[in-house]
Amino acid sequence: MKKLAIMGAMVEEIEPLLEYFENVKLTEYANNKYYEVNYKGLDIVIAYSKIGKVFASLTASTMIEKFGCDTLLFSGVAGAINPKLKIGDMIVANKLCQHDLDITAFGHPHGYVPEGSVFVESSKELREVAKAVAKEMGIEVIEGTIATGDQFVHSSEKKDFIEKTFQADALEMEGASVAVVCNALNVPFFILRAISDSADMDAGFDFDEFLKSSAKISADYLIKIVDKL
Ligand SMILES: CCCCCCN(CO)Cc1c[nH]c2c(N)ncnc12
């Protein structure tokens, strides 16, 4: 690995990560801030994209194409679909889809466009490292499907649609676009999310209450994975 990208969507998702680093160099580029650091001999670029698939695609592409990252880890929070996932629990994505991508009018399945695919798989190798770290730390991390869309989901109807259509375990607003970018550019990627809410009518309140603590849970585990790379 030449250079590692560590990405979040919100400043609150990368703040707990930046706390681990010193002598950080800031570069402003394409309406975004990129933090560069050398951590235990490893060159790392850290950034938060801003919310949603478009910003996440721009930042992931920039970290790879402009900053030369050849591995990308994402740390953040998500809404739970799988009832096993409680607030503060973590999910590692083995595959991701776009729940709001819809040309079903032409007989295509939800989440599909021609020459694309409904699901994109993350790096098995990175997931194996994460599993080993979880074992060492004595923590339980669920592996599952993450559905991404450009909406904050706060209704059982929407949540149920996503569950029924994609058998997703959690949902958020950036992961699948990071997956498409990394897959296209042949960069192994890993998406880690800690649960902040249950994507139901209470999601807005729970998100506000648990964003910081869940973002820290994800960050603290991610750093242990970085130490193992
Ligand atoms: C100011 C409000 C910013 C919301 C950003 C939420 N992120 C998006 O990645 C994760 C997330 C946590 N819970 C969610 C939910 N219920 N629906 C969509 N996304 C999420």
Side-chain angles (χ1 to χ4, degrees), residues 5-17 32 46-61 63 72-93 95-102 110-111 120 122 141-142 144-182 189-222:
I6 298 181
M7 190 178 153
M10 301 176 72
V11 65
E12 292 88 346
E13 292 172 326
I14 67 154
E15 265 165 351
L17 288 160
N32 216 173
I46 303 111
Y48 70 93
S49 58
K50 300 185 281 298
I51 294 159
K53 292 192 285 177
V54 175
F55 284 131
S57 304
L58 173 59
T59 298
S61 305
M63 293 176 104
L72 188 149
L73 310 181
F74 190 105
S75 177
V77 299
I81 298 176
N82 185 325
K84 278 198 307 184
L85 287 169
K86 305 298 180 208
I87 287 174
D89 287 350
M90 286 188 283
I91 178 167
V92 167
K95 64 179 192 273
L96 299 102
C97 60
Q98 297 178 64
H99 66 70
D100 59 351
L101 186 57
D102 178 348
H110 283 280
V120 177
S122 63
V141 181
I142 288 189
T145 300
I146 289 184
T148 302
D150 280 323
Q151 298 123 19
F152 182 81
V153 176
H154 60 119
S155 79
S156 302
E157 293 76 25
K158 189 83 175 179
K159 177 178 166 179
D160 293 348
F161 160 75
I162 294 168
E163 199 282 323
K164 278 185 184 50
T165 311
F166 302 98
Q167 294 73 53
D169 297 290
L171 55 84
E172 31 87 310
M173 299 174 70
E174 297 84 22
S177 46
V178 170
V180 167
V181 167
C182 290
F189 71 94
F190 174 84
I191 309 281
L192 171 67
R193 296 276 186 165
I195 298 303
S196 55
D197 59 274
S198 302
D200 54 17
M201 60 187 286
D202 301 326
F205 302 106
D206 288 342
F207 178 82
D208 282 341
E209 186 177 348
F210 297 106
L211 165 61
K212 272 197 179 358
S213 53
S214 290
K216 175 124 182 74
I217 290 167
S218 181
D220 291 348
Y221 176 44
L222 194 93

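All ligand and atom numbering here is 1-based and tracks the order in the structure. Remember, predicted model here, so these are calculated numbers, not experimental data.
Ligand 1 lies out of reach of G76, whose nearest heavy atom is not under 4.0 Å from it. Judged by the shortest distance from any of its heavy atoms, H154 lies outside the 4.0 Å radius around the atoms of ligand 1. Every heavy atom of A9 sits 4.0 Å or more from the atoms of ligand 1.
Ring pair H154/F207: centre-to-centre distance not below 6.0 Å.
Numbered from 1 in the order shown, with element, the atoms of ligand 1 that lie under 4.0 Å from a heavy atom of V153 read 15 (C), 16 (N), 17 (N), 18 (C). Of all the atoms in ligand 1, the ones that sit under 4.0 Å from a non-hydrogen atom of L171 are 15 (C), 16 (N), 17 (N), 18 (C). Heavy-atom proximity to G79, at under 4.0 Å, picks out these atoms of ligand 1: 12 (C), 13 (N), 14 (C). Using a 4.0 Å cut-off to heavy atoms of S196, the atoms of ligand 1 that qualify are 12 (C), 13 (N). Ligand 1 places these atoms under 4.0 Å from at least one heavy atom of A78: 11 (C), 12 (C), 13 (N).
The shortest contact between atom 13 (N) of ligand 1 and any protein heavy atom is with D197 OD1, 2.6 Å. Shortest contact from atom 6 (C) of ligand 1 to any protein heavy atom: F207 CE1, 3.8 Å. Taking atom 1 (C) of ligand 1 as the reference point, the nearest protein heavy-atom neighbour is I51 CD1, 4.2 Å.
With values rounded to the nearest 0.5 angstrom, T59 atom OG1 is found 6.0 Å from K50 atom NZ.
Under 4.0 Å from ligand 1, the heavy atoms of R193 that appear belong solely to its side chain.
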